[in-house]
A.B. asks: 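Below is one structure. I have some questions about it.
Residue numbers start from 1 in every chain, and the chains themselves are labelled A, B, ... in the order their sequence lines are given, proteins ahead of strands.
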Amino acid sequence: MQSDVRKIVIAGTGAAAGAAAVATAVSLQGSGISITLLLSPNSQKPRPVEVFRSGPLGFHTKLGIEESGLCRQTNAVYGMGARYRGLSESGDDVFVPLGTHGKTLRLVDFHHYVAKLRAEDGAQHFNGWSAAATAARAGRFDPAQADLEPALRLLEYDLYVDSDRYLDAMLVQASALGVRVVRQTPLNAELNAEGMLESVTLDDGSSLHGDFFIDCSEDRFLIRHVTSDDELCDWSSWFSCDRLASRSVKSQQTPRLFTSIEAHDSGLLSQLSTRALATGCFVYDGASINDEQAVEQLAKYLPGAVPDDAQTAPFRAGRYSRHWEMNCVAIGSAAAVLVPIEVSPLQLAQSAVLRLLAMLPRGKDSPMLAAEFNRMTNVEIDSARDYQLLRLAVTNRQSGQFWQQTQRTQWPDSLQRRIDLFRSHGRFTARDHEFFSKSNWISSFLNFGVWPASYDPLADMIDEQRIRDELIRFRYWTLADD
Amino acid sequence: MTAAALSTVLRKEICEIELVESDAIGIVGVGEATIPAIHDFNRKIGLDEQDFMRRTNATFKLGIEFVDWAKKGDAYMHPFGHYGFNINGVSFHHYWLDQNRRGNTAQLGEYCIPFVAGKAGRFALPLSDPNSVLSTYSYAFHFDASLYAQYLRHVAEQRGVTRTEGRIVDVALDGEGGFINSVRLENGQSIAGDLFIDCSGFRALLIGKALGVDYESWQHWLPCDRAVAVQSRNSDTLDPYTRATALKAGWQWRIPLQHRTGNGHVYSSQYMDDDEARTLLLENIEHEALAEPRVIRFTAGKRQRMWKKNCIAIGLSGGFLEPLESTSIYLIQAAIMKLIERFPDREFNAVDRDDYNAQIGNAFEQVRDFIILHYKATSRDDSEFWRYCRDMAVPDELDYKMRAFRESGRVVFSKRELFIEPNWISVLLGQHVIPKTTDLRVDCTPADKIKTQMARMQEVIRRAAASMPTHEETIARYCPADSTKIES
């Protein structure tokens, strides 16, 4: 069957566009469809470090791209989760590991047994059953290591990579797969009579024609020409920070295998590093702290030799509602701006491009596929937003205007229902197309101290000693690496 | 089913289960066909498959054959297995459609082992070796529902469930909260409890009569409201599949058991009277009827809430969908499993209850939509009934699925649905909902290469099916009927 789509143009400035080009090329190899990557210089400083899911369930493995070479080329560090500091009044750190904790016993999820133990013996440290938390503590992780307990194997972890090097690696792969790379700045876009994108005018005066476009830009350069709805669904009523400062330094010590996040009176600071670079950002409320003070805060938080000066920029969290319009699809930063904790724009872009490749149309216009793609994408983004907001919703920090306001926030219904359901009996109902799994959510609840009022009554139905034996056995395994 | 399942997870010292049943009240089941999801249930309650099959005259089932649905003279199967193999991550049916347009006339079913084996009357248990084509299908059972009920009652009693014989005549609520305190039996005995599970069938004694939860009718989408059922003598051979033949105002099932065949005609009383329905049933059975046909009345739909206060409706008291896709037992099983996941304590927390209601409501709606598709996607116009079905408006989600498939060949579905891509593909294509386009990635492989690969698949499947013993041979070796009475 003939396809009207003969030429796909992917436009962007960095890692997301590179990853999208490779994925598209792998997926359409042999089809005769040509792929052009239009790479333009970023008007803002690009993120020096990128984060994405690695491992057997990650983006590259799904595309059949071997990751160990990529790790070497990009100064990669494994990410096991996020450590939060200063979110609770008690001052304790909270670590939210990736992956799972223990395993289901007799139809009852593992955390119910831990909750039962807690009801009987007092405080329990849920991360005692997390392989990722153990690796983060030990500062060591080797995905190739043989597993003592296959059922508890860690299948979910991140990679932190140098953005430039990652983009280079993607460009090498893309070129090898026949992708044409054009390095130009787009000036304008031409539409045809039906309002579809036809070509992009470049700064050398030439024009780049395409049948289907993927917009990975930071400023929605392509999609804004075709969309009838260019309004950001604003999330500021839940997350009021409106400025973002960022800075990066040379990596000094041995990098940590996690992202550090710290509460500040006026917002959130975070940092993570590869083997070469450490990067930090501060998202803050511009009304309670000015840019100069923010940059100073960030320098204190992330000291060290500075290759670049710190930058500040406006920040507005939210998402657009129509990502696929006509023959153009916006992904990553062009689709949503998320709070910069635990999800990166690259991660969103990778997930979106995999979804898109399974739905590419033959005709330029495919309203049903577009509607379905938009529906799934919005579920994914909103659920990721809820996952991030959960951290704010359950904190009891009082110090600082930002946090006092957080205490009074009315959270999205979708999040509040999940919190209520979990608080009651530790239950959680997963939905489709979610970025974070049930395990991630449960791990977040319990590590942030949201223990259910009562556990699953069926957890009482197994012999008490057996539960203890199993719990000890699982814990022994996760500690064995220490 | 509920008593047997709960008795495997609840410890007697902590939570007692009492089953109140009356032998005087018959059960609706006439010969039951199931879907592969039943394995989950059987495994969870620790049922011995061979034993249970022997005791319930069970046979194997590889799918459901639909005759005369999209148009008269048509037949297709909804088999319990995949079609072909994915190529480069793209579902097989896209390649099949492409080849079909290029003039390759092989039927989709020829790439599906349960279809080929089923039509040849062959059955073998699937292998677990993932490299073998004999691991790419699943199976379910046909069994005698009354014997199955007896069998599970026996399992439940062995695990400590108390059974009380008697008919419930009254339900006592506590004054303030409206919770059920106890039920009173005909002989005056009163039985108290914390949690009441209403398995009282269409009468819905607790959830409907006592607690007043209304029934939501789906009759405008599923106009059939009666069934007339009869058992008949077996053929010489036992087909390892259920057959559903569309008739003038409904359809007729045929379920082969070891000792007899179950038949039933599901129809809409608005378009056909009972006499005509009975006559049609008897005309269409292949061998002599073994009893007088019985008429059963129903309304497609579900209770507005399955769980209210301390009462949960499971089975017909909660809702009914015609057995076109053999989902009756599945819906019971889904409710039980969800109950186990959301098992309440004495506080009967509203958040857990609402979540349960939402999820079970969802399960019913998904099955409902799948069944409606068989009626909607038809070009039959030989009766009022079919014209109505063809022209009716369907639920939004089904409409969306059908439009998406027509436009793109994609099955938009949620991972958490019972029926997933291969199920929808069987029925959508079987009912002639034909996509306008195929997946773009089909173009990545030259068509003649695909043609060769597909021919090889077809050959592998044909050989594998031919290597299987006949259905009768497998039954004789694995689970011949044992008519000894189940001791209770």
A.B. asks: Do you know the tightest heavy-atom contact between Asp420(A) and Val351(B)?
C.D. replies: C-CG1, 3.8 Å
A.B. asks: Taking every non-hydrogen pair under 4.5 Å, which of Pro361(A), Ala430(A), Ser454(A) racks up the most with chain B?
C.D. replies: Ala430(A)
A.B. asks: If you look at every heavy atom in Asp456(A) and Ile340(B), which pair is closest and at what distance?
C.D. replies: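 Closest pair (atom of Asp456(A), atom of Ile340(B), distance): OD2-O, 4.0 Å.
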A.B. asks: Given a strict heavy-atom distance threshold of 4.5 Å, which part of Ile33(A) is in contact with chain B: side chain, backbone, both, or neither?
C.D. replies: side chain
A.B. asks: Identify which part of Arg410(B) has an atom lying under 4.5 Å from any heavy atom of chain A, answering side chain, backbone, both or neither.
C.D. replies: side chain
A.B. asks: Could you tell me whether Glu16(B) atom CD has more than 12 heavy atoms of other residues or ligands within 6.0 Å of it?
C.D. replies: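 No, CD of Glu16(B) has 12 or fewer neighbouring heavy atoms, counting only those of other groups under 6.0 Å.
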A.B. asks: What residue in Val412(B), Val442(B), Thr445(B) has the most heavy-atom pairs under 4.5 Å with chain A?
C.D. replies: Val412(B)
A.B. asks: Going by an N to O cut-off under 4.0 Å, is there a salt bridge joining Arg417(A) and Asp355(B)?
C.D. replies: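 Asp355(B) and Arg417(A): not salt-bridged.
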A.B. asks: Of the backbone (N, CA, C, O) and the side chain (C-beta and beyond), which part of Asp463(A) lies under 4.5 Å from a heavy atom of chain B, both, or neither?
C.D. replies: backbone
A.B. asks: Let me know which of Asp439(B), Asp98(B), Asp443(B) forms a salt bridge (Lys or Arg N to Asp or Glu O under 4.0 Å) with Arg362(A).
C.D. replies: Asp443(B)
A.B. asks: Would Arg342(B) and Thr429(A) satisfy side chain to side chain donor-acceptor pair (under 3.5 Å), going step by step from the backbone distance to the final call?
C.D. replies: CA-CA 11 Å; Arg342(B) 296 282 178 267; Thr429(A) 301; 2.9 Å; yes
A.B. asks: Under a 4.5 Å heavy-atom cutoff, which of His112(A), Met376(A), His425(A) has the most pairs with chain B?
C.D. replies: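 Maximum pair count with chain B is reached by His425(A).
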A.B. asks: Heavy-atom distance under 4.5 Å to chain B: side chain of Phe373(A), backbone, both or neither?
C.D. replies: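 No part of it gets close to chain B.
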A.B. asks: Is the shortest side-chain heavy-atom distance between Glu347(B) and Ser424(A) below 4.5 Å?
C.D. replies: no
A.B. asks: At a 4.5 Å cut-off on heavy atoms, which part of Ala453(A) comes close to chain B: side chain, backbone, both, or neither?
C.D. replies: neither
A.B. asks: Heavy-atom distance under 4.5 Å to chain A: side chain of Pro344(B), backbone, both or neither?
C.D. replies: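 When you check distances to chain A, only backbone atoms of Pro344(B) fall under 4.5 Å.
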A.B. asks: Quick check on the interface: out of Thr8(B), Leu10(B), Val90(B), who has the most heavy-atom pairs with chain A under 4.5 Å?
C.D. replies: Leu10(B)
A.B. asks: Determine whether Tyr400(B) and Arg375(A) satisfy the following criterion, side-chain contact (heavy atoms from CB on, under 4.5 Å), listing intermediate values before the conclusion.
C.D. replies: CA-CA 12 Å; Tyr400(B) 183 77; Arg375(A) 186 186 70 79; 4.1 Å; yes
A.B. asks: First locate atom CE of Met368(A), then atom NZ of Lys436(B), and finally report the distance between them rounded to the nearest 0.5 Å.
C.D. replies: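 It is 10.5 Å, given to the nearest 0.5 Å.
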A.B. asks: Just wondering, are more than 12 heavy atoms of other shown residues or ligands nearer than 6.0 Å to CD in Glu120(A)?
C.D. replies: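 Yes, enclosed.
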A.B. asks: Just how far is it from atom CZ of Phe343(B) to atom CE of Met461(A), taken to the nearest 0.5 Å?
C.D. replies: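 Reported to 0.5 Å precision, the distance equals 6.5 Å.
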A.B. asks: In Å and rounded to the nearest 0.5 Å, what is the CD to NZ distance from Glu372(A) to Lys401(B)?
C.D. replies: 9.0 Å
A.B. asks: Verify the neighbour count for atom NE2 of His60(A): are there more than 12 heavy atoms of other residues, nucleotides or ligands below 6.0 Å?
C.D. replies: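 Correct, the count exceeds 12.
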A.B. asks: So, Arg441(B) side chain and Ser31(A) main chain: donor-acceptor pair closer than 3.5 Å or not?
C.D. replies: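 No, because the side chain of Arg441(B) does not come within donor-acceptor range (under 3.5 Å) of the backbone of Ser31(A).
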A.B. asks: Could you check whether atom CD of Glu397(B) has more than 12 heavy atoms from other residues, nucleotides or ligands sitting under 6.0 Å from it?
C.D. replies: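 Open: at most 12 neighbouring heavy atoms sit under 6.0 Å from CD of Glu397(B).
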A.B. asks: Report which part of Asp345(B) has an atom under 4.5 Å of a heavy atom belonging to chain A: side chain, backbone, both, or neither.
C.D. replies: both
A.B. asks: Heavy-atom cut-off 4.5 Å, strictly under: side chain, backbone, both or neither for Ser91(B) against chain A?
C.D. replies: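 It is neither, since no heavy atom gets under 4.5 Å.
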A.B. asks: Please give me the minimum heavy-atom distance between Pro367(A) and Glu407(B), naming the atom from each residue.
C.D. replies: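 Of all heavy-atom pairs spanning Pro367(A) and Glu407(B), the closest is N-OE2, 3.4 Å.
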A.B. asks: So with a 6.0 Å cut-off around NZ of Lys451(B), is the heavy-atom count from everything else above 12?
C.D. replies: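 At most 12 heavy atoms, drawn from other residues, nucleotides or ligands, come within 6.0 Å of this atom.
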A.B. asks: For Gln29(A), is it the side chain, the backbone, both or neither that has a heavy atom under 4.5 Å from a heavy atom of chain B?
C.D. replies: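 Backbone only.
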